[in-house]
Amino acid sequence: MVQLYNLHPFGSQQVVPCKLEPERFCGGGRDALFVAAGCKVEAFAVAGQELCQPRCAFSTLGRVLCLAYSEAGDYLAAIEEKNKATFLRAYVNWRSKRTENCRVCIRMVGHKVEAPFSDTFRDQMSIIEMPLSEAPLCISCCPVKGDLLVGCTNKLVLFSLKYQIISEEFSILDFERSLIIHIDNIVPVEISFCVGYVALMSDLEVLIVKLESDPKTGESVNYQPLKINNPMKQTEGISNETLQLDSDDFVICQKPVELLGEKSSQSGVSVTLESTGLDDKTIKYYHVQHLLYKRFAPDISSLVLSDDIKLHSLQLLPIYQTGSPTTDRKKLSQEKELLSLFCFFSLPHVGYLYMVVKSVELMSVYQYPEKSQQAVLTPQFLHVITSNNLQCFTVRCSAAAAREEDPYVDTTLKACPPVSMDVCALRIQLFIGLKAICHFKNHIILLTKADPEAIPERREPPKRLLSRKGTNVKFKTPPVAEAGWNLYIVDTISPVQLYKEMVDYSNTYKTAKTQSCIHLLSEAHLLVRAALMDASQLEPGEKAELLEAFKESCGHLGDCYSRLDTQYSHLALPYYKMSGLSMAEVLTRADWPLEDGSQKYERGLIFYINHSLDENLDEELSEELAAKVVQMFHMAEPKQLPHILCSPSMKNINPVTAMNYLSKLDTSGFSSILVTLTKAAMALKMGDLDRHRNEMKSHPEMKLVCGFILEPRLLIQQRRGQIIPTELAVQLKDTQPGLLVASVLGLQKNNKIGIEEADSFFKVLCGKDKDTIPQLLVDLWEAQLVAGLPDVVLQELFFKLTSQYIWRLSKMQPPDTIPLRTSEDLSLICGPSFDIASIIPFLEPLSEDTIAGLSVHVLCRTRLKEYEQCIDTLLERCPEAIIPYANHELKEENRIDFVVEKTAA
């Protein structure tokens, strides 16, 4: 059963001053309402102070059977009947019809208008006649492109909207009959069309197909009758002999069936395309993709076949990419980009809502408490009318569209209520004698009529299910009894106002730990989200108010998920993020004492704080709030305390308080090392160096390295995008530099820190600028070279080290600290894998007058096999080194002779 909330989505209502009883009516864009009665159509204003005031009126060819308005092109299409013949007409430039007696231009569809007649069409209404070979049954306008689809007995005819260019300054609206969709085995009662998606409905069948724009072949589309066996009839075991029975004796009821995706092509309904455009270049659609086929079976429990057990209210509802489309109607279709598409249809007691764009799936099923007559779907609501009630249900369109629009939904960054969440009824409003409904913008149009008592012409037994020989019961209204009727415009209240009422309503559930509070707040969130998605309908200044309500709703949902112990408690994190609330504000809202006065913190709140502190936010909690966080984790997740205390946001924690809670922890396994290092860091904050040293001595250095790997923020923190060494890192620089370098190397090996981050860390730690390399960084590079890190490019590491060595030698600059490794630990330039040629240009500033400079030059030239130049240099600079050099580098006999000859010379 659908849950009912007694909210107030409907506002004021006004009576439309129609002269005759309305037969058909529909919305006319953002500012008009069309009402057809007799052989006349009246237009009424529905915006501003002129609400319900007549705008214009024009005569029709006959009684209007069907009416449809297209915002793209701003035209009105109608099926009209005269002398038992039906006609299809489009009313263009109707806003120029100031008075009923104004001149009107009537032209045939596709008629070429010459330039001299441009002034005639500019300021007067035009009626476009659209002849058809078969009588039109129903029509639908594409809300994006403005194309007109017409349903006939065996086919659908598509008239593409186009503009005839009369001159550079003037063009007129026109249509081209571009496509015929031939359909067998189903007669459309209602159709709906949107950017290539076609939905058609008979009394008990619904078919949805997509007209594909990409051609499979280079040939144009022609109509070729397609013979498809009917698998439904085969599966139902209906033999040819059975089909030949007298149809007057039996009514054959087919089984209910639902086919989704490509399986729907097996429905037995043949769909083929015939291009009728004058130019092959204008072909828009080439082949058909089947999406959904659903067939219902009548209720045979009473053995009576009721005429009113039929489908109604077929509708395709598009939702566009967020953005404000242009107000220029000619460019409107180009600005709208389809995001999601939904299809709704209904039986008298149940409605169905499907999503049909990327995948076809049933989203929601609506069970009505009473027999419905008609329904309209909007991005926010489903409005249903019964004989005496106007019902308002919630929908999940915005939840599905949000996931199509934003890939970060359903992650730790963003969240949205699920599509599968149960729908609810916000209001069931008493309204006597409801007959028809339509919706546009923030208005609902209702036709009411108080039916007089119907008198049957003759009394006959009811129509039996197994016989068609019974005569229908015909009712007629006595001519004396004239029924009373009214046409109302009912305003729906603003989304923000309804949102606030829903939030107030949800406060009744705050004291109880139930899902009702989350459900109602989720409905409120989806209401605001849907309004923000339909940006074209927003008034100036309304968007800012909606954005504020959206953030507020996220905060409320964050409170719910952090307060209640549910399997979805983790959603507190993304909702709080979307709310824009700071961590301090969330902690201030998190005081929910139990009935006995004690405090309990649920996992949703703990999950949010843990992740927020782990993300290194640029927010520093006050000492009081930091102490509150420590208390919370001590109660809920004590093992996380060392990690929590290392967060930059906990900078203001009282170290004495932190030390007290750390002393209560169970220290076993690796957690003991992490607790020890955290205690050592807190001891430094307290200024207790003795305790700090004792803590650091309680474990060997290799285990301490493992502790730093578990929590890198003990050494390195980031604030506002800057790397900040901790007090513990500064202390280790002075007392245990080897442990510091080994720890940073361990972080690199475990992908906890990058190469550039490590370089920046040591430069900041040692107080050096970007161009100065501290010895501790050189120690790290040497450690990387020895460790052979896989992510370090060996040649780049060689280059950095040799450049630093050469710079020191050339500048006679000693290291600022004692190197951790000696020259005996490294054999860099002599290594066979080092590319000597790459550093030759950097040797120029290195003088050969020093022993170190001479040695480097000779070594490099020897690696390049420039032996003669090396010997010449040694003879000039250091003759006593000739023989040792020759014995080490020139072992071949002919080379030794070469050295002797050089020396003798």
Side-chain angles (χ1 to χ4, degrees), residues 138 140-145 147 149 151 156 158 181 183 186 188-202 204-214 256-267 269 271 273 284-296 311-321 336-347 350-366 375-382 393-405 416 418-421 423 526 530 533-534:
C138 46
S140 176
C141 301
C142 174
V144 179
K145 302 293 185 181
D147 299 340
L149 188 67
L156 305 178
L158 178 62
I181 308 171
I183 301 176
I186 185 170
V189 175
E190 294 183 30
I191 59 174
S192 188
F193 182 58
C194 182
V195 284
Y197 290 87
V198 178
L200 59 99
M201 182 181 75
S202 65
L204 290 173
E205 294 175 285
V206 175
L207 176 68
I208 305 176
V209 298
K210 182 183 179 183
L211 306 179
E212 295 285 357
S213 299
D214 297 329
V257 65
E258 180 183 70
L259 300 174
L260 302 178
E262 288 300 323
K263 291 184 179 180
S264 60
S265 61
Q266 304 171 8
S267 63
V269 178
V271 181
L273 305 182
K284 291 185 178 180
Y285 305 111
Y286 290 86
H287 58 276
V288 177
Q289 178 186 359
H290 291 257
L291 300 177
L292 170 69
Y293 174 78
K294 191 174 182 69
R295 182 175 66 214
F296 297 89
L311 290 166
H312 64 77
S313 304
L314 176 68
Q315 183 181 349
L316 288 176
L317 176 70
I319 290 184
Y320 309 106
Q321 291 281 358
K336 291 184 178 180
E337 182 179 351
L338 187 67
L339 176 64
S340 294
L341 187 67
F342 307 91
C343 182
F344 176 82
F345 48 87
S346 182
L347 286 170
V350 59
Y352 300 89
L353 179 59
Y354 283 82
M355 181 170 59
V356 295
V357 174
K358 291 187 177 179
S359 62
V360 182
E361 57 182 281
L362 178 63
M363 289 176 53
S364 304
V365 177
Y366 294 87
V376 289
L377 178 68
T378 74
Q380 292 94 352
F381 305 111
L382 173 68
F393 295 89
T394 58
V395 296
R396 301 288 168 263
C397 298
S398 61
R403 289 167 169 82
E404 294 289 337
E405 185 177 42
C416 181
V419 176
S420 59
M421 186 175 69
V423 296
L526 289 177
M533 285 183 140
D534 195 9

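Residue Gln380 comes nearest to Ala530 through the heavy atom pair CG-CB, 3.9 Å, listed as atom of the first residue, atom of the second, then distance. Considering every non-hydrogen atom in both Ile191 and Gly151, the closest pair reads CD1-N, 3.5 Å. Heavy-atom minimum distance, Ala402 versus Met533: N-CE, 3.4 Å. Heavy atoms only, all atoms of each residue included: Ala375 and Phe344 are closest at CB-CE2, 3.7 Å. Nearest approach of Val195 to Lys145, heavy atoms of both residues: CG1-CG, 4.1 Å. Nearest heavy atom pair, residue Met363 against residue Ala400, reads CE-CB, 4.1 Å.
Judged purely by atom type and a 3.5 angstrom limit, Arg295 has no side-chain atom pairing as donor or acceptor with the backbone of Ser267. The backbone N or O of Leu526 lies less than 3.5 Å from a partner atom in the side chain of Ser398, making a donor-acceptor pair. For Ser192 (side chain) and Leu316 (main-chain N/O), a donor-acceptor pair under 3.5 Å exists by modelled atom type. Using a distance-only test at 3.5 Å, with no hydrogens or angles considered, a donor-acceptor pair links the side chain of Tyr366 to the main chain of Thr394. Remark: the backbone N or O of Leu377 is paired with a side-chain donor or acceptor of Gln315 at under 3.5 angstrom.
From Leu211, atom CG reaches atom CZ of Phe193 across 6.0 Å, with rounding to the nearest 0.5 Å. To the nearest 0.5 Å, atom CG of residue Leu260 and atom CD1 of residue Ile208 are 9.5 Å apart. If you take OH on Tyr320 and CD on Glu337, they are separated by 12.0 Å, rounding to the nearest 0.5 Å. A distance of 11.0 Å separates CD in Glu404 from CG in Leu341, rounded to the nearest 0.5 Å. Expressed to the nearest 0.5 Å, how far CG of Leu200 lies from CD1 of Ile186 amounts to 5.0 Å. Of the inter-residue distances, the one linking Leu207 atom CG with Met201 atom CE reads 12.5 Å to the nearest 0.5 angstrom.
Ile183 has its side chain out of reach of Pro188: every pair of non-hydrogen atoms, C-beta onward, lies at least 4.5 Å apart. Using a 4.5 Å heavy-atom cutoff, the side chains of Arg403 and Val419 are in contact. At a threshold of 4.5 Å between non-hydrogen side-chain atoms, the residues Leu158 and Asp147 count as touching. Using a 4.5 Å cut-off on side-chain heavy atoms (C-beta onward), Gln289 and Glu262 make contact. Within the 4.5 Å cutoff, the side chain of Tyr352 has heavy atoms near those of the Val365 side chain.
Between Leu382 and the choices Val376, Val395, Leu317, Leu353, the side chain to side chain contact (heavy atoms under 4.5 Å, CB included) rule is met once, by Val395.
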### Query
Checking side chain to side chain contact (heavy atoms under 4.5 Å, CB included) for the pair Leu362/Tyr354: CA distance, chi angles, key distance, verdict?
CA-CA 4 Å; Leu362 178 63; Tyr354 283 82; 3.6 Å; yes
### Task
For Cys343 and Leu292, run side chain to side chain contact (heavy atoms under 4.5 Å, CB included): C-alpha distance rounded to whole Å, both residues' side-chain angles, the deciding distance at 0.1 Å, then the answer.
CA-CA 10 Å; Cys343 182; Leu292 170 69; 5.7 Å; no
### Task
Given side chain to side chain contact (heavy atoms under 4.5 Å, CB included), test Val209 with Leu291 step by step and report yes or no.
CA-CA 5 Å; Val209 298; Leu291 300 177; 5.8 Å; no
### Message
Checking Phe345 against Glu190 for the side chain to side chain contact (heavy atoms under 4.5 Å, CB included) test, could you report, in this order, the C-alpha distance in whole Å, the side-chain angles of both residues, the deciding distance, and whether it holds?
### Response
CA-CA 10 Å; Phe345 48 87; Glu190 294 183 30; over 6 Å; no
